[in-house]
Trainee: 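One structure, pasted below without further comment.
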Amino acid sequence: MDYKEFLQTKIEIAQESGFEITADDLNPALKPHQREAVAWALRGGMQGAV
């Protein structure tokens, strides 16, 4: 096993534990990239939250 293969065994894909929302649920003042970031964060749920 080389180093790259070793690192690949350490990758963990987080399970989504949040919820989906529609574009209508987001604040219209958000810019497109902000809307995407908020939707992504809500799908992820509370994983990794401190």
Side-chain angles (χ1 to χ4, degrees):
M1 173 183 304
D2 66 15
Y3 188 63
K4 183 177 178 179
E5 291 169 334
F6 167 74
L7 290 178
Q8 289 175 333
T9 67
K10 302 298 180 189
I11 296 172
E12 291 184 33
I13 305 298
Q15 300 293 320
E16 292 185 354
S17 63
F19 53 93
E20 292 283 335
I21 58 169
T22 66
D24 295 335
D25 294 329
L26 294 171
N27 188 322
L30 293 173
K31 294 182 178 5
H33 69 281
Q34 294 170 317
R35 296 169 72 79
E36 289 294 321
V38 169
W40 173 81
L42 291 173
R43 281 193 308 273
M46 295 295 294
Q47 294 183 2
V50 179

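The structure presented is a predicted model; accordingly, all values stated were derived computationally and were not measured. Note: hydrogens, waters and symmetry copies are ignored here, and every other heavy atom, side chains too, is used.
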Trainee: Among all residues two or more places apart in sequence or in another chain, which pass the side chain to side chain donor-acceptor pair (under 3.5 Å) test with T22?
Mentor: D25
Trainee: Is it the case that over 12 heavy atoms from other parts of the model lie below 6.0 angstrom from the CD atom of E36?
Mentor: no
Trainee: What are the two closest non-hydrogen atoms of S17 and G44, and how far apart are they?
Mentor: OG-O, 3.2 Å
Trainee: With a cutoff of under 4.5 Å between side-chain heavy atoms, which Ile, Leu, Val, Met, Phe, Trp and Tyr residues group with L42?
Mentor: F19, I21, L26, L30, V38
Trainee: For residues 3-14, please give each side-chain donor-acceptor pair under 3.5 Å, one per line with the distance, not counting sequence neighbours.
Mentor:
residue: E5; atom: OE1; partner: D2; partner atom: N; Å: 2.9
residue: T9; atom: OG1; partner: F6; partner atom: O; Å: 2.5

